[in-house]
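Before any comments, here is the structure.
Each ligand, and each atom within it, is numbered from 1 in the order the structure gives. Computed over heavy atoms, backbone and side chain alike; hydrogens, waters and symmetry mates excluded.
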Amino acid sequence: MSKIQMVDLLGQYEKIKTEIDSAVLNVIRSSAYINGPEVKEFQKELETYLGVKHVIPCANGTDALQIAMMALNLQPGDEVITASFTYVATAEVIALLKLKPVLVDVYPDTFDIDVDAMEKAITPKTKAIVPVHLFGQCANMEAIMKVAKKHNLFVIEDTAQAIGSNYTFSDGKKQKAGTIGTIGCTSFFPSKNLGCFGDGGAIFTNDDELAKKLRMIANHGQSVQYVHDEIGVNSRLDSIQAAILRIKLRHLDEYAKARNAAADYYDKAFAGNKKVETPARTKNSDHVFHQYTLKLNGVDRQALRDYLASKDIPSMIYYPIPLHMQKAYTDARYKPGMFPVTEHLCSCVMSLPIHTELSNETLKYITDNVLEFLNK
Ligand SMILES: Cc1ncc(COP(=O)(O)O)c(C=O)c1O
C-alpha cells in the first residue's frame, strides 16, 4: 500500500500523464503563455459543462470573489452576509473591499448557511449574500434565491469546493453549483476537485453586461487595449494551467464518482457507531465530496488524530477556529457563543483522506484504524 495522503495528486496525474505532458509541451512550444488559445478553449468547454453563458477565468478563487464584488458596485459599508463556518477567503475579500461582513450560523447537518438566520440578518444596508457550497454539497439555493429576490439582493455563490455538483429545484430542474446566483466563483487550487498545477480560478454568470464588466475588471479595468474604464486588477489564468484544466475537466464527473465511492465506503464502515456522525446528504444536491468530514461525539479528537498519524493516516480539521473568533475579524458585534453550531463544529469535525485514487485496501486500513480507536 502506498503512502496515504489527504489528496493524491501524483497518483491522479500518473493516469493522465501522456495527455498532460503533451498539452503542457504544446503551450511551451507555442510560447502563448498568457491569454493563449488554451485559455479561450477551456473557457468555452467549462461554459458548456456548466451550462452557463459566461466563464471568466482568473488567477485564483480569492480573486474570483473579489472581482465579483467589485463588479457589483458595492459601496464601503454595504453589508454582505456569509457563513461563519467557511474558509477565510470568503470573508476576507468582503473586508478587503471595505464592505461589512455579516456572519451567520450554519446548519448542523450540512454545514451550509442557515437560511432563517440569513434572512434575520438582512438590514437596509444588506446588498449581497455569499453562500458557500461547503465540502462539495450545494447550500439550500432554492430558499436562498427566494430570500434574495424578496429583498433584492445579489447572490455570489462560492463554489470553490463544489464544482460539478448539481442542484435540483423542487420542480425537478437541475443547475450546476455556481450557475444559480448572480455570480458564481470557483478555485482551481491543486487539491480542489478540478485542480490545476498551480493557482487558478474562474467566475461564472448568465448576465451579459455583468460578464463584460467582470472580464474588464480582471484585466486592469481595460475596455480596449490601453483604455481603462474601471479600476481593475491583474488576474489571469495561465495558458499552461488552462491546458491542464481542459484535460482534467473531461474527467471531472468520473472524479466525483470515485470520491463518492470512497465516501460510501466510509459511510458503511462507520454506520451505527454512536461516536461518529457521517456527512449528511441533502436531497436537493449531489455531493462531490471535496472533503469527507466526520462529526465526533465525545471523542478526544487530538488523541484520535495522533493515533491515526502513528499509523501513517493523515487527517485534517476544516476549520479549527470560527471566523468570528479569528483575530483579524474581531468585532464588537461578535461574542463567543454567538454562532453555537459553528463553534461546536469547529470543536468536533475531522476530515479523512478523500481523493480519486483511494483503493478499498487503503479505505479498509483507514476505517479499521479509526474504529479500533473509537472502540477502545
Ligand atoms: C470555500 C473557499 N472559498 C475560496 C477559496 C479561495 O480559493 P483560492 O485558494 O484559489 O484563492 C477556497 C480555497 O481554499 C475555498 O475553499
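Both cation-pi conditions hold for K176 and Y49: the charged atom is under 6.0 angstrom from the six-membered ring centre and inside a 45 degree cone around its axis. Taking the ring axis of Y307 as reference, the NZ or CZ atom of K376 stays within 45° of it and closer than 6.0 Å to the ring centre.
Near T62, with a cut-off below 4.0 Å to any heavy atom, the atoms of ligand 1 are 6 (C), 7 (O), 8 (P), 11 (O). Taking every heavy atom of G61 and a limit of under 4.0 angstrom, the matching atoms of ligand 1 come to 6 (C), 7 (O), 8 (P), 10 (O), 11 (O). Contact atoms of ligand 1 toward A89: 4 (C), 5 (C), 6 (C) (distance under 4.0 Å to a heavy atom of the residue). Atoms of ligand 1 found under 4.0 Å from any heavy atom of V132, numbered from 1 in the order shown, are 1 (C).
The backbone N or O of A332 sits less than 3.5 Å from a side-chain atom of K335, completing a donor-acceptor pair. Of the possible donor and acceptor atoms, one in the side chain of Q241 sits under 3.5 Å from a partner among the backbone N and O of F197.
Residue contacts with ligand 1 include K192, since one or more of its heavy atoms lies under 4.0 Å from the ligand.
Note: an N/O pair closer than 3.5 Å links S187 and ligand 1 by distance alone.
Among all non-hydrogen protein atoms, the one lying nearest atom 16 (O) of ligand 1 is Q161 NE2, 2.9 Å. Here the protein heavy atom with the shortest distance to atom 3 (N) of ligand 1 is D158 OD2, 2.7 Å. In this structure, the protein non-hydrogen atom closest to atom 12 (C) of ligand 1 is Y87 CD2, 3.5 Å.
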As a quick check of understanding, evaluate side chain to side chain contact (heavy atoms under 4.5 Å, CB included) for L308 and L352, giving each step before the final call. CA-CA 10 Å; L308 294 176; L352 289 174; 4.3 Å; yes

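Shown here for F204 and V55, the closest heavy-atom pair between the two residues is CD2-CG2, 3.9 Å. K40 and N35 make their closest contact through NZ-O, 3.7 Å (heavy atoms, listed as atom of the first residue, atom of the second, distance).
Under 4.0 Å from ligand 1, not a single heavy atom of L134 appears. Within the 4.0 Å heavy-atom criterion, both parts of N60, backbone and side chain, lie near ligand 1.
How far CG of D63 is from CD1 of I203: 8.0 Å, rounded to the nearest 0.5 Å.
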